[in-house]
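All values derive from a computational prediction rather than experimental measurement.
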Amino acid sequence: NSFHMVVIKVVAGSVQVVGKVKQKIRLAAGLDQDMQLSLEAMQRGWECLEAFAEWLQDIPRDNIRVVATATLRLAVNADQFVKRAERILNHPIAVISGEEEARQIYLGVAYTSQNVGHTLVIDIGGASTEVIVGEGFTPKQLTSLNVGCVTYLERYFGDGQLNESNFGEAIAAARNEIAPIIEMFMPYHWQQCMGASGTPQAIVEILVNQGINDSIRLSYLYDLKQQCIACGQTDKLDIQGLEESRKQPFPSGLAILIALFESLQIKEMQISGGALREGLIYGMLESRRQDNVREQTLLSVWQRFNLDIAHAQRVMKIAQGLLAQLPDSQWPSGFDAEGLLNAAAALHEIGIHIEFKQSHQHAAYLLNYLDLPGYTQFQRDVIRDLVSNYRQNIDVSTIARYQPALQPAIALLSRLLRLSVLICLRRSDQHISVPAITVGKDQELNLTFGEGWLTAHPLVRIELINESWLQHKAGWSLTSQ
């Protein structure tokens with residue numbers, strides 16, 4: 001569907017993108033029934049590569065990798081395209097197999113997202129869809145299906161109509177392709193599902209724009225299908241939150257994703273931080289591989305913004321001490337309370353890099369745009385909103401943006417972060433203590449410090465009184481003794 005060029009450099013042990021170019025070529029649209037790639041489609045690709053080639057002249061040859069995927073695997077005249085493309089780029093092109101593409105996609109997800117147990121990864125491309133299940137950095141089962149948003153666009157939505165019939169045919173065809181692999185994947189009982197392609201990303205953008213801060217769920221996909229059908233035609237597709245550049249292949253990608261959710265019984269899907277390109281990049285930097293992606297991310301941000309690491313670790317320690325005392329029943333299934341609170345505690349002072357008075361708001365702005373490998377988009381949003389409320393008045397509207405089932409958990413994490421920062425007010429290990437904490441009826445929090453501790457620390461005691469008032473204004477109860 002698209003040709004991409006990404007230029008990166010390594011900064012403080014972390015990958016930093018310094019240039020990115022993307023052009024919608026829709027190469028797969030040039031495939032006819034005999035899998036012949038049209039000259040017109042090839043010409044679009046060659047012209048794009050001529051632009052890419054200019055930048056490649058400034059990069060050492062050994063630092064370049066060029067790969068091609070599904071369309072050139074399928075095209076019977078792929079050699080014609082590849083030979084001229086290699087002359088244009090002055091570099092060899094590897095047409096990788098579907099299995100190798102799936103492996104690289106999984107690695108791209110593993111390098112940039114925190115995997116918990118078995119993880120199902122799905123990437124919907126222009127001419128193929130990769131499905132992988134793995135654990136850590138090891139893919140355990142993978143496959144590449146000849147199902148893509150561009151080929152399905154031409155095949156099932158070529159008349160420009162958006163109706164139940166076209167969607168039904170596309171979904172049925174995709175389910176038919178998926179059927180043979182169901183028994184390969186279902187026994188793994190994955191703990192999470194990650195989407196690593198444009199269609200899931202487009203859906204999350206739409207959901208957020210329409211006021212839904214949640215994972216991708218089948219009910220949302222059905223609703224989006226109805227929104228497409230209500231538009232009637234692809235050239236009249238107008239869905240709130242759908243970018244112009246994503247409109248054309250969106251209905252076909254949506255149909256494929258519905259088929260995957262139905263066939264593999266997927267309950268929810270998060271967005272990964274990377275896919276094929278990131279897998280290739282990190283593969284070129286294999287010596288820099290970090291098994292703990294989140295740890296490397298936090299360290300990189302600390303160094304980049306010259307944060308007080310000792311104080312960040314101090315707040316993290318208190319936060320984790322409080323969290324450890326709360327029952328697991330406080331958290332929805334699959335909600336990574338420990339990871340989210342740890343990251344928010346680690347990064348809460350990032351806004352001081354700009355100035356102190358509104359540091360929590362500056363922090364939220366920075367975290368809204370910073371790349372945080374190891375965290376999904378949903379997790380990044382939660383971390384941002386926790387940090388935005390770590391001091392001063394509590395903006396409960398940031399919590400209200402999430403689904404009702406998640407709001408109590410996010411509110412509780414916000415309160416734990418605020419208390420952790422408050423307890424570490426003196427920025428000294430000698431003057432901190434993890435109090436006993438209990439959660440009562442209606443989320444009432446009670447802190448119990450060691451005998452005489454609050455008397456010996458009047459500044460913290462006064463700040464706790466003020467904090468009780470601020471939490472009361474937010475609708476929460478806090479007591480301390």
Checklist entry - When you look at NZ of Lys317, are more than 12 heavy atoms from neighbouring residues, nucleotides or ligands closer to it than 6.0 Å? => result no
Item to check | Check: Asn342/Glu338 side-chain N/O donor and acceptor closer than 3.5 Å | outcome: no
Item to check | Pair Phe157 + Phe167: ring centers closer than 6.0 Å | outcome: yes
Checklist entry - When you check the side-chain N and O atoms of Gln201 and Glu243, is any donor under 3.5 Å from an acceptor? => result no
Checklist entry - Angle class for the Tyr390/His360 ring planes (parallel below 30°, perpendicular above 60°, tilted otherwise)? => result perpendicular
Checklist entry - Looking only at side chains, do Asp381 and Tyr402 share a donor and an acceptor under 3.5 Å apart? => result no
Checklist entry - When you check the side-chain N and O atoms of Glu278 and Thr112, is any donor under 3.5 Å from an acceptor? => result no
Checklist entry - With no hydrogens and no angle check, is any side-chain donor or acceptor of Tyr106 less than 3.5 Å from a backbone partner on Glu135? => result yes
Checklist entry - Any donor and acceptor pair, going by atom type alone, linking the side chain of Arg65 with main-chain N or O of Leu280 inside 3.5 Å? => result no
Checklist entry - Hey, are Arg217 and Gln403 close enough side-chain-wise for a donor-acceptor pair under 3.5 Å? => result no
Checklist entry - With the threshold set at 4.0 Å, does a side-chain nitrogen-carboxylate oxygen contact exist between Arg103 and Glu100? => result yes
Checklist entry - Distance-only, no hydrogens or angles: does the Thr129 side chain make a donor-acceptor pair with backbone N or O of Val147 under 3.5 Å? => result yes
Checklist entry - Could you go step by step and tell me if Glu169 and Arg155 meet the salt bridge (Lys or Arg N to Asp or Glu O under 4.0 Å) rule? => result CA-CA 10 Å; Glu169 290 181 13; Arg155 195 175 303 166; over 6 Å; no
Item to check | Whether His118 side chain and Tyr188 backbone form a donor-acceptor pair below 3.5 Å | outcome: yes
Checklist entry - Do Arg384 and Asn368 have side-chain atoms, one donor and one acceptor, less than 3.5 Å apart? => result yes
Checklist outcome for this item: Closest heavy-atom pair, Ala346 versus Leu307, reported as atoms and distance to 0.1 Å, is O-CD1, 4.3 Å
Checklist entry - Do you see a donor-acceptor pair shorter than 3.5 Å between the side chains of Ser128 and Glu130? => result yes
Checklist entry - When you measure from the side chain of Gln23 to the backbone N and O of Val21, does any donor-acceptor pair fall under 3.5 Å? => result no
Next on the checklist: Is a donor from one side chain sitting under 3.5 angstrom from an acceptor on the other, for Asn389 and Thr398?
Outcome noted: yes
Next on the checklist: Between Arg380 and Asp385 (salt bridge meaning N to carboxylate O under 4.0 Å), is one present in this structure?
Outcome noted: no
Item to check | Ring centroid separation Tyr111 to Phe137 under 6.0 Å | outcome: yes
Checklist entry - If you measure only the distance, is there a donor-acceptor pair under 3.5 Å linking the side chains of Glu205 and Asn209? => result no
Item to check | Over 12 foreign heavy atoms within 6.0 Å of CZ, Phe3 | outcome: yes
Checklist entry - Would you say the side chains of Asn166 and Asp159 form a donor-acceptor pair under 3.5 Å? => result yes
Checklist entry - What is the minimum heavy-atom distance between Leu417 and Ala345, and which atoms define it? => result CD1-CA, 3.6 Å
Next on the checklist: Could you check whether any side-chain N or O of Asn77 sits under 3.5 Å from a backbone N or O of Gln80, counting only pairs where one atom can act as donor and the other as acceptor?
Outcome noted: no
Item to check | Separation of Ile229 CD1 from Leu237 CG (nearest 0.5 Å) | outcome: 11.5 Å
Next on the checklist: Between Phe185 and Trp190, does the ring-ring contact (aromatic ring centres under 6.0 Å, His included) criterion hold? Intermediate values first, please.
Outcome noted: CA-CA 9 Å; Phe185 287 89; Trp190 51 84; 7.5 Å; no
Next on the checklist: When you measure from the side chain of Ser113 to the backbone of Ala110, do you find a donor-acceptor pair of N or O atoms at a distance under 3.5 Å?
Outcome noted: no
Checklist entry - Do Gln210 and Gln227 get their side chains close enough for a donor-acceptor pair, meaning under 3.5 Å? => result yes
Checklist entry - Do you know which two heavy atoms are closest between Pro200 and Leu257, and how far apart they sit? => result CG-CD2, 4.4 Å
